[in-house]
Amino acid sequence: MSDLRLRIAPSPTGSVHLGLCRTALFNWAYARGRGGAFVLRIEDTDRTRSTAESEAAILEGLRWLGIDWDEGPEVGGPHGPYRQSERVVGHKETVQRLVEAGYAYRCFCSAERLTELREGQEKRKETPRYDGRCRDLDPAESARRAAAGEEFTVRFRVPEGATVFEDLVRGSVRFDHGEIDDWIMLRRDGSPTYNFVVVCDDVDMRISHVFRGEEHLVNTPKQILLYEALGETVPRFGHLPLMLGTDRKKLSKRTGDTALGDYVAKGYPRDAIINFLCLQGWALDGETEVFDTATFVERFDIVDVQKAGAVFDPDKFRWLAGDTIRRMGLADLADAVAPYVVEAGQMSAEGIAARRPWFERLVAGEQERIELFGDFPPRVACFFEADDAVTFDPKAEKNARKHEARAETLQAYLGWLEGRDDLDDPASLGAATKEWVQEKGLKIPALFQPLRCVLTGQPGGRDLFDCVALLGLEATAARIRAGVARLA
RNA sequence: GGCCCUAUCGUCUAGUCAGGCCUAGGACACCAGGUUUUCAUCCUGGCGACGGGGGUUCGAAUCCCCCUAGGGUCACCA
């Protein structure tokens, strides 16, 4: 049994952020690639902002990405509970122990005094920090005041000196203790704060490696000091580069979607989402852009992670999504795209099932033309329009009108078409049509451009005879007749 | 502002730890050409970077220092 243990500890206070997804992926891959354990813990210490819906969304989102956990909500484990709010009894005992040992102390300063203190410091352009008024209160008096019912918080007593640690992605990092405030571990209402519980719980759950976003780097010395006060082994840390928006600031809704759900809704394939996230701060070999999760797990190492922030590139993400779609099997793609067709009101789920071969033909023609599942419905909309009211794109119509004899050509072609029995076979019909065009002494565009306009209203798109096959003789004929009149 | 982190094409990155194999490689985007009935795919080619300055060295994208720039963080949020 390996004692390698990693975790992801999301706070259920909103949507499932892509940054959380990437951090989870990196932790999970490291554990899975080395036979370690992966733990999920819900960090719901902020009782006012945490919601059950958010927690459910996080579990669902992580599972959707293919991330599984050996211990955590819904699966249990020997170090539970895995929801921080259910662990407060242990947390309070630990605080008591630290106060008695002198590593922490009660602070009776009022919120007002602290606010005043901070404002004064800010006005004088000093670094805001606690002035240590309660730091050296006599322990007996402190205990007496607490017993008398006076309200207090508990602060960590940061000692003199400096903390140096070896970050797995950044190397040696040093913080002078003079820069670290005597931070609050226990709030006035008796609830513990993040920096305190995260250490308690990581200790209880025997977490050996902590990979998290760079925004946590400055918390690390506070936490290391706490591990030491507790007499516990300090885990290895690895601080991942931030995912940046196009404004080069921490990825936020300002510059684009940040929630996993947004991308799922638009129809980014799961494999593309995972693949893209892996590429934010890590590269397989610098050459290979596309790889599967198994390869990622096998090849990922925290020491190879980039130190600089990664700007999120929507263009590359879309490209990767399109590339993933192009590599999908037709049946899978049809399944993936079906809900979007239903959503758009083009077909019902039953209708799709009943006309599966037709639907797959419809999908096949778009496979190399869409980048997202959500791109599909608008691109095939013409196949669901009334035969006499197909929407003509201006460019398609202009292309059609370039040909003087369009009406006669279309008319003649329709006559020829009605005598054929290979409308279901685009290759055969296409070849025969080209011969027909030649016999008539026409140029290919003289028939193809008006025909495409009349059939689909689009200036470009899938093979024309694939359109005929999709439409069938009846609709094809109706569209040609209506089109002849409309292009007159 | 203090502290911390970072710095290779517009973007994601390989190369940096073990200095010469780098006239710096790949991908996205962009541009041009080819294939195709059109669009898209696909193929070929092009554009395009070691932030600046000092060192160390026979030799530096790679090591050291300074500067500059960007980011993170300074809550009884996480």
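Every chain is numbered from 1, with letters handed out A, B, ... down the list of sequences.
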Polar atom pairs (N or O), protein with nucleotides 39-41 of chain B, under 3.5 Å:
residue: C39(B); atom: O2; partner: Arg369(A); partner atom: NH1; Å: 2.4
residue: C39(B); atom: O2; partner: Gly461(A); partner atom: O; Å: 3.3
residue: C39(B); atom: N3; partner: Arg369(A); partner atom: NH1; Å: 2.4
residue: C39(B); atom: N3; partner: Gly461(A); partner atom: O; Å: 3.4
residue: A40(B); atom: O2'; partner: Glu368(A); partner atom: O; Å: 2.2
residue: A40(B); atom: N1; partner: Glu368(A); partner atom: OE2; Å: 3.2
residue: A40(B); atom: N3; partner: Glu368(A); partner atom: OE2; Å: 3.1

Check nucleotides 65-72 of chain B for protein N or O atoms closer than 3.5 Å to its own N or O atoms and list the pairs.
residue: G71(B); atom: OP1; partner: Lys249(A); partner atom: NZ; Å: 2.6
residue: G72(B); atom: OP1; partner: Lys250(A); partner atom: N; Å: 3.2

Can you name the atoms? Protein N/O to nucleotides 24-26 of chain B N/O, anything below 3.5 Å, with the distance.
residue: G25(B); atom: O2'; partner: Glu287(A); partner atom: OE2; Å: 3.2
residue: G25(B); atom: N2; partner: Gly286(A); partner atom: O; Å: 2.7
residue: G26(B); atom: O4'; partner: Glu287(A); partner atom: OE2; Å: 3.3
residue: G26(B); atom: O2'; partner: Glu287(A); partner atom: O; Å: 3.1
residue: G26(B); atom: N2; partner: Glu289(A); partner atom: OE2; Å: 2.9

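For the side chain to side chain donor-acceptor pair (under 3.5 Å) condition, no pair includes a residue of residues 298-309 of chain A, sequence neighbours left out. For residues 422-433 of chain A, the set of pairs meeting the side chain to side chain donor-acceptor pair (under 3.5 Å) definition, not counting sequence neighbours, comprises Tyr413(A)-Thr433(A), Arg420(A)-Asp422(A), Asp422(A)-Ser428(A). For residues 241-250 of chain A, no pair satisfies side chain to side chain donor-acceptor pair (under 3.5 Å), with sequence neighbours left out. Listed by first and then second residue, the side chain to side chain donor-acceptor pair (under 3.5 Å) pairs involving residues 436-449 of chain A are His403(A)-Gln449(A) (not counting sequence neighbours).
Listed by chain and residue number, His209(A), Phe211(A) satisfy the ring pair (Phe, Tyr, Trp, His ring centres under 6.0 Å) test with Tyr30(A) (two or more places apart in sequence, or in another chain). Residues forming a side-chain contact (heavy atoms from CB on, under 4.5 Å) with Ser11(A) (at least two apart in sequence, or on another chain): Thr13(A), Glu43(A). Scanning for side-chain hydrogen bond (donor to acceptor under 3.5 Å, both in side chains) contacts around Arg129(A) gives an empty result, with sequence neighbours left out. Every residue meeting the side-chain hydrogen bond (donor to acceptor under 3.5 Å, both in side chains) condition with Arg361(A), not counting sequence neighbours, appears here in chain and number order: Asp466(A). Residues meeting the side-chain hydrogen bond (donor to acceptor under 3.5 Å, both in side chains) test with Arg135(A), sequence neighbours left out: Asp182(A).
Between the C1' atoms of C12(B) and G20(B), the separation comes to 28 Å (whole Å). To the nearest whole angstrom, the two P atoms, one in A60(B) and one in A24(B), are 16 Å apart.
Counting only heavy atoms from C-beta on, Gln306(A) has its side chain closest to A14(B) among A75(B), U11(B), A14(B).
Here Thr127(A) does not reach the OP1 or OP2 of C74(B): none of its side-chain N or O atoms lies under 4.0 Å away. Checking the phosphate oxygens (OP1, OP2) of C74(B), no side-chain nitrogen or oxygen of Gln121(A) falls inside 4.0 Å.
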